[in-house]
2 protein chains.
Amino acid sequence: MNFQQLRIIRETVRRDFNLTEVANSLYTSQSGVSKHIKELESELGVELFYRKGKRLLGMTEPGKEMLRYVERMLLDAANIKNIAEQYSQQDEGQLTVATTHTQARYALPAVVVEFKRRYPRVHLKLHQGSPVEIASLLLAGEADIGVATETLGDVPELASFPYYRWHHAVIVTEGHPLLTVGKLTLQQIADYPIVTYHEGFTGRSVIEKSFRDAGIKADIVLSALDADVIKSYVMLGMGIGIVASVSVDEQRDPGIRKLDCSHLFAENTSRIAVHKGHLLRRFAYQFIEMCSAELTEETVKAESTHDL
Amino acid sequence: MNFQQLRIIRETVRRDFNLTEVANSLYTSQSGVSKHIKELESELGVELFYRKGKRLLGMTEPGKEMLRYVERMLLDAANIKNIAEQYSQQDEGQLTVATTHTQARYALPAVVVEFKRRYPRVHLKLHQGSPVEIASLLLAGEADIGVATETLGDVPELASFPYYRWHHAVIVTEGHPLLTVGKLTLQQIADYPIVTYHEGFTGRSVIEKSFRDAGIKADIVLSALDADVIKSYVMLGMGIGIVASVSVDEQRDPGIRKLDCSHLFAENTSRIAVHKGHLLRRFAYQFIEMCSAELTEETVKAESTHDL
DNA sequence: GATGCTTACGATACCCGTAAAGATA
DNA sequence: TATCTTTACGGGTATCGTAAGCATC
């Protein structure tokens with residue numbers, strides 16, 4: 001048994017049992033991949049994959065059982081390298097934060113500036129994507145930290161922590177009739193076409209739940225990934241917008257007016273997540289602590305051990 | 001990084017940093033061991049061991065931090081092999097049970113017979129030793145299951161479960177004066193020279209605690225590893241004996257009389273232990289379940305995951 | 001001087017990649 | 001036929017063990 005074999009096993013599952021792809025993604029030859037699998041199987045005396053003729057189709061029972069251990073071993077190998085880096089270059093290295101547009105643009109800038117001030121030699125990568133993409137980046141080990149409002153809390157392999165709480169707000173153009181009503185109601189909002197976030201983004205599910213629970217049908221005419229796009233279309237008269245309150249500032253967004261609707265939609269909690277069992281560099285834990293002072297290195301580590 | 005390097009790191013710690021011994025125990029050459037360590041250190045860019053000139057003295061900080069991961073990886077590698085065996089030969093293999101004399105002779109026979117009946121093709125090894133030795137056999141991966149009354153519950157790397165409860169009994173020769181007194185007292189026992197177990201064995205600590213708490217000084221003239229030896233010396237008139245009640249049967253032990261003293265010494269609990277994170281063969285879990293029906297495979301696994 | 005670690009060097013085995021052949025859809 | 005996997009083969013490299021050289025105690 002050697003590490004290349006383990007990497008191949010893991011990658012074979014990730015690449016859906018296509019050995020050619022596996023070879024490419026590991027920068028080696030198909031023949032080598034094939035041989036490694038055979039060798040491991042013969043060493044263990046068990047078939048790891050189902051085959052139909054020459055094609056691989058899936059994992060056998062013993063294969064599935066082993067996979068978790070294979071993954072943990074590779075994780076541990078990465079952890080060892082991480083520790084080494086930690087000691088050889090305390091404040092140097094790379095930190096990849098996977099996040100949604102909303103977080104990157106409105107929540108994280110303060111943290112990023114502070115982080116760069118303290119760790120000028122750490123190369124910080126902001127990787128933007130949907131919450132689902134963020135989760136899979138974390139799981140694949142391609143990102144160290146994930147920040148998003150949706151999804152992250154639902155993946156068992158991730159350890160997630162509350163970052164900050166926020167509400168949606170309704171945005172309208174100057175002179176809009178809604179500006180004159182007092183306290184907004186769901187029905188009043190539903191009287192207008194709505195522009196808001198895509199499904200799976202930035203509390204969209206919370207918005208839908210409110211309308212559904214009230215038995216009101218909302219007319220969502222357009223959905224977008226981020227508040228900036230939504231604002232643009234609101235300005236173009238496509239309808240009223242529902243966005244994260246933090247993403248609108250009446251000073252910086254001339255022509256846009258913000259209406260409180262914290263009484264209409266449930267509060268959202270943005271979360272910070274890490275892959276369980278994935279040991280981070282010290283500065284990565286510092287980054288998380290800068291987001292929320294309660295999230296110390298010990299707190300995060302305690303929640304993110306990998307116990308299978 | 002490869003497995004041989006990891007094995008060498010682990011063994012170097014176990015062998016107290018003597019690379020010659022490491023080489024012998026891994027059946028390879030010193031030169032190879034030395035080179036492997038150097039290579040791993042240079043790959044990681046960190047020194048793992050403190051050196052004074054050419055001698056290794058101990059682990060550096062990063063080395064210590066890595067060690068736990070190294071050990072887990074090697075454990076996981078063993079687990080994978082275990083799974084493979086599990087599937088390739090369901091009811092064949094080897095099971096090593098480390099136990100004290102008392103357990104091997106008086107508690108386990110019934111279980112062993114039953115186990116052999118169900119798994120005739122499993123090679124069962126009974127490894128006898130002191131509780132401390134049993135613990136280290138488990139930790140070194142040389143035994144799968146440990147059974148003893150002392151020590152096992154105190155080692156954090158071991159998961160231990162109650163096996164059965166028992167009391168001590170006093171044994172005397174026929175016609176002994178103690179046979180005529182009614183309910184025994186500690187003082188009456190202390191009036192005679194005592195033969196009992198060694199320190200660290202079979203509830204010896206419980207016996208001492210009772211005397212100490214009562215402020216009575218007992219005269220322990222002889223201590224032995226097992227009840228059979230103790231019985232012999234009692235027969236020779238060295239004194240009265242204190243042994244596990246289960247180890248005396250007035251039918252099978254002619255000339256020996258047993259006196260109840262469950263009111264004098266605290267109850268003992270014999271424990272079954274496994275190394276946390278060490279996955280066992282199915283038949284090993286069956287063995288444990290035969291000892292105590294509540295200890296199912298799930299119960300044991302739940303307590304013995306290795307989360308660092 | 002005995003023990004223990006490192007370096008040098010040659011034989012072996014392992015791993016990888018190219019190329020051709022066989023299977024599958 | 002195009003895609004994918006296996007087998008065959010050659011070059012390169014890593015690993016291992018012996019033996020010699022050096023510290024350390």
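The chains referred to below are lettered A, B, ... by the order of the sequence lines, with proteins before strands, and numbering in each begins at 1. FYI, side chains are in, hydrogens and waters are out, and symmetry mates aren't considered; it's all heavy atoms of this structure.
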Where at least one partner belongs to residues 60-70 of chain B, residue pairs that pass salt bridge (Lys or Arg N to Asp or Glu O under 4.0 Å), sequence neighbours excluded: B:Glu61-B:Lys64
NZ/B:Lys125: more than 12 non-hydrogen atoms of other groups inside 6.0 Å: no
Salt-bridge present (B:Glu71, B:Arg10; N to O < 4.0 Å): no
B/S/- contact track for nucleotides 14-25 of chain D, protein heavy atom under 4.0 Å: -SBBB--BBBBS
NZ/NE/NH1/NH2 to OD/OE distance under 4.0 Å, A:Arg7 and A:Glu11: no
With A:Glu92 via side-chain hydrogen bond (donor to acceptor under 3.5 Å, both in side chains) - residues at least two apart: A:Arg121
Nucleic acid contacts - residues 6-21 of chain A versus DNA chain C, non-hydrogen atoms under 4.0 Å: none
Kindly list each side-chain donor-acceptor pair under 3.5 angstrom involving residues 78-86 of chain A, sequence neighbours excluded, with atom names and distances?
residue: A:Asn79; atom: OD1; partner: A:Leu279; partner atom: N; Å: 2.8
residue: A:Asn79; atom: ND2; partner: A:Leu75; partner atom: O; Å: 3.4
residue: A:Asn79; atom: ND2; partner: A:Gly277; partner atom: O; Å: 2.9
residue: A:Asn82; atom: ND2; partner: A:Leu279; partner atom: O; Å: 2.6
residue: A:Glu85; atom: OE1; partner: A:Arg281; partner atom: NH1; Å: 2.6
residue: A:Gln86; atom: OE1; partner: A:Arg281; partner atom: NE; Å: 3.4
residue: A:Gln86; atom: OE1; partner: A:Arg282; partner atom: N; Å: 2.8
residue: A:Gln86; atom: NE2; partner: A:Gln90; partner atom: OE1; Å: 3.2

Opening and closing nucleotides of DNA chain C in contact with chain B, under 4.0 Å to non-hydrogen atoms: C:dT3 to C:dC9
Whole angstrom value for the distance that separates C1' of D:dT6 from CZ of A:Phe49: 16 Å
Side-chain H-bond candidate by donor/acceptor type, B:Thr96 with B:Glu142, under 3.5 Å: no
Check: A:Thr102/A:Thr100 side-chain N/O donor and acceptor closer than 3.5 Å: no
Note: B:Glu208-B:Arg204 ion pair, threshold 4.0 Å (strictly below): yes
Short N-O contact, B:Glu41 and B:Arg51, less than 4.0 angstrom: yes
